[in-house]
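See below for the structure under consideration.
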Amino acid sequence: MSDSNERNAAANGAADEKVKTNFIEAKINKELAEGKYNGRVHTRFPPEPNGYLHIGHAKSICLNFGLAQKYKGKCNLRFDDTNPSKEETEYVDSIRNDVQWLGFKWDNEFFASDYFDQLYAWAEKLIIDGKAYVDDQTAEEIASQKGTPTKAGEFSPYRDRTAEENLKLFREMKEGAYKDGEKVLRAKIDMASSNMHMRDPIMYRIMHKPHHRTGDKWCIYPMYDYAHGESDFIEGITNSLCTLEFEVHRPLYNWFLDQIAEDGTERPEQTEFARLNLSYTVMSKRKLLQLVKENYVNHWDDPRMPTITGMRRRGFTAASLRNFAETIGVAKRDNVIDVALLEHSVREDLNKIAPRYFAVLNPLKVIITNYPENQTEEMELINNPEDETQGSRKVPFTREVFIEKDDFMIDPPRKFFRLGPGREVRLKGAYIVKCEDYKINEATGEVEEVYCTYDPETQSNTGQGSRKVKGTLHWVSCEHGLDAEVRIYDRLFMDEDPDGHPDKDFKEFLNPDSLQINTQAKVEPAIQNAKPFDHFQFQRIGYFNLDLDTVKEKRLIFNRTVPLRDSWSKKK
RNA sequence: UGUCCCAUGGUGUAAUUGGCAACACGUCUGAUUUUGGUUCAGAAGAGUUCAGGUUCGAGCCCUGAUGGGACAACCA
């Protein structure tokens, strides 16, 4: 390599801000260098429309679409709809929404069912070539002949049917001459293969079920292994990315391509990566469906769900999810990602974009005894110290305000920077107040009211700042505050790995306190005009968004997306 | 008692054709702060599962072991 090339490489590296290349990018770089695929990169995201997408799919979406962007290639959205018994249009719509919301545009939208005719034609070709046969046995019989990973399988008694007979039977299957399960089409490969998937896998099964797109045109449907690679081939996919459990399917993927792709034709290559596992949650569609169906959560978009729609409702941003995907990277080793990383990526985004508001979750009344009754001052508060363009707002201040119960202690420890008898704090954006007295509710024994005096010289807006106090509290005017419901979410499961216990059902680990509803919260009036999904930071508490139910129920309902980092409560 | 895949701080991911193990999260200090947030400065934490081999030199290559995972649906 010449000096100038070295310099260029170094310069390019610097321009890329040392973005790490994962093993898939390394593979693509190599392909590009070799001139493979004529420099094309074409990926696809191929969900089966049988459920809602979750954060694990988000990883795959970001990977596939991200690669297409990075290499100026293309990415298709393809619905892998080869099993009409599980698939529904509702899911197709939700998948489109989720991908779009994440911020990606697909170059083409396809369905595996678009290729049913072609797939059928190729199946006939395989029959004619003596590479496929119709088997009349039951599922049980076929299974029992399959052998085990350590023991070879046996031949089906129907394995040696002539091409003519197979063709005739296969056509009859297609025409509906047989009932479900009476016959299947099998690829004729190797019953002794050490790879179970190569032991004459089933290509077509009979299903007299209407399909969400092809209606009742078909009563035979191709299996995943047959349909997937051929679909990739039809679409000109270069890199077919999937998760690790498909690793053993790859030889079969390639075998089917061998049957239809002429020598020298460019064909897709399957590459597997490790799926995402998140601590304290489950990720399989089956289990998520169970949580929905058995009402452990409200729906797929329940804010506690790891679904994309649930996380959106919870208040996660698309940018934070994309960022998260970037951060966790992609590799081949099994992983469990700490939810703290996910929380970090939302906070990072929300800190920059979310306007600040005052909200008191557990109100305690403070009466400022030397402040005029019936007086209201409009205090000017900065909306977002991280973003000047968000400007400021007016917050009404009155003689009686609510503060957080946690912010007052009768007998506070040394490092408690909040309110207590004889102590001073600043009410943020307003005045410094001093606690003179408090009243205890005789029935409950709890502090009911706190009496303070304020120092008129310390008004924030007039720029008087000579005096400093250690603590600053948020507050809401009793007179002007709005009632709100706040939904506080905690992890759905109490165990780090709910499905890591073979002897126990994952539902045993459900967290009974994953949702706490607070109906006594008070929020400042400026939040009145917020719209569902708007993000906020309730100062000193956390990030919240306005829930969808606000519209339906005509009252303010907030979701806690994630609490603020809190180095105080940790020390206690 | 088969085949295939994987193995780097607590977690996740890096480390160009072998060349002093890096980054992020988390943790802990300190500073700043009208958010116990943010920001800033710093620290601790792995010698790359183990044992051999090749090499001047191995996290990268080879051999073997150990540990973990995948595979026997007419699911995808």
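None of the values given here were measured: they were computed from a predicted structure. Letters go in sequence order (proteins before strands), and every chain restarts at 1. The figures that follow rest on heavy atoms only: side chains count, while hydrogens, waters and symmetry mates do not.
The base of B/G37 lies outside donor-acceptor range of the side chain of A/Arg347, with no N or O pair under 3.5 Å. Between the side chain of A/Arg540 and the base of B/U35 there is no donor-acceptor pair of N/O atoms closer than 3.5 Å. A donor and an acceptor atom never sit less than 3.5 Å apart when one is taken from the side chain of A/His249 and the other from the base of B/A70. With hydrogens and angles ignored, no donor-acceptor pair closer than 3.5 Å exists between the side chain of A/Glu386 and the base of B/U39. Donor-acceptor pairing under 3.5 Å, judged by distance alone, is absent between the side chain of A/Thr150 and the base of B/U1.
No contact: A/Leu244 has no heavy atom under 4.0 Å from any strand. Within 4.0 Å of A/Thr138, counting heavy atoms only, lies at least one base atom of the nucleic acid. At the heavy-atom level, A/Tyr357 lies nowhere under 4.0 Å from the strands shown. At the heavy-atom level, A/Ala331 lies under 4.0 Å from the strands shown only through sugar-phosphate atoms. Heavy atoms of A/Val469 sit nowhere under 4.0 angstrom from any nucleic acid atom. A/Met223 comes within contact range of the sugar-phosphate backbone alone, with a heavy-atom separation under 4.0 Å but no base atom that close. Across all strands, A/Glu48 comes closer than 4.0 Å only to sugar-phosphate atoms, never to a base (heavy-atom distances). Residue-level contact check: A/Phe246 touches the bases, meaning some heavy atom is under 4.0 Å from a base atom.
Residues A/Asn195 and A/Gln537 both approach RNA chain B. Their nearest nucleotides, taken by heavy-atom distance, put A/Gln537 toward the 5′ side. Along RNA chain B, the nucleotide nearest A/Lys59 and the nucleotide nearest A/Asp566 are compared for position; the residue whose nucleotide lies closer to the 5' end is A/Lys59.
Pairing for B/U35 is absent, with no Watson-Crick or G-U wobble pair whose two atom distances lie under 3.5 Å. In this structure, B/C74 makes no Watson-Crick or G-U wobble pair, since no nucleotide meets both defining distances under 3.5 angstrom. B/C23 and B/G12 make up a base pair, with Watson-Crick or G-U wobble contacts both under 3.5 Å. Pair check for B/U48 finds none; no Watson-Crick or G-U wobble contact set falls under 3.5 Å. The partner of B/G67, taking Watson-Crick or G-U wobble pairs whose two distances both stay under 3.5 Å, is B/C6. Under the Watson-Crick or G-U wobble criterion, with both distances below 3.5 Å, B/U17 has no partner in any strand shown. Within the shown strands, B/G53 is the pairing partner of B/C61 under the Watson-Crick or G-U definition, both distances less than 3.5 Å.
The aromatic rings of A/Tyr357 and A/Phe536 stand perpendicular to each other, their planes meeting at an angle above 60°, with 30° marking the opposite boundary.
Ring to ring, A/Tyr91 and A/Tyr52 are close: their centroids are under 6.0 angstrom apart. Checked against the 6.0 Å centroid criterion, the rings of A/His228 and A/Phe246 do not qualify as a close aromatic pair.
Atom-to-atom, CZ of A/Arg333 to C1' of B/G68 comes out at 12 Å; the value is rounded to the nearest Å. Taking atom CZ of residue A/Phe170 and atom C1' of nucleotide B/C74, one finds them 13 Å apart after rounding to whole Å.
Within the 4.5 Å cutoff, no side-chain heavy atoms of A/His197 are placed close to those of A/Pro251. Side-chain atoms of A/Asp136 and A/Ser156, non-hydrogen and from C-beta on, never get closer than 4.5 Å to each other.
B/G47 adopts a syn glycosidic conformation, its chi angle falling within 90° of 0.
A side-chain donor-acceptor contact under 3.5 Å links A/Ser569 and A/Asp566.
Distances shown here put every side-chain N or O of A/Arg565 at or beyond 4.0 Å from the OP1 or OP2 atom of B/U39.
Centre separation under 5.5 Å together with a plane angle under 30° does not hold for the ring of A/Tyr224 and the six-membered base ring of B/A76, so they are not marked as stacked.
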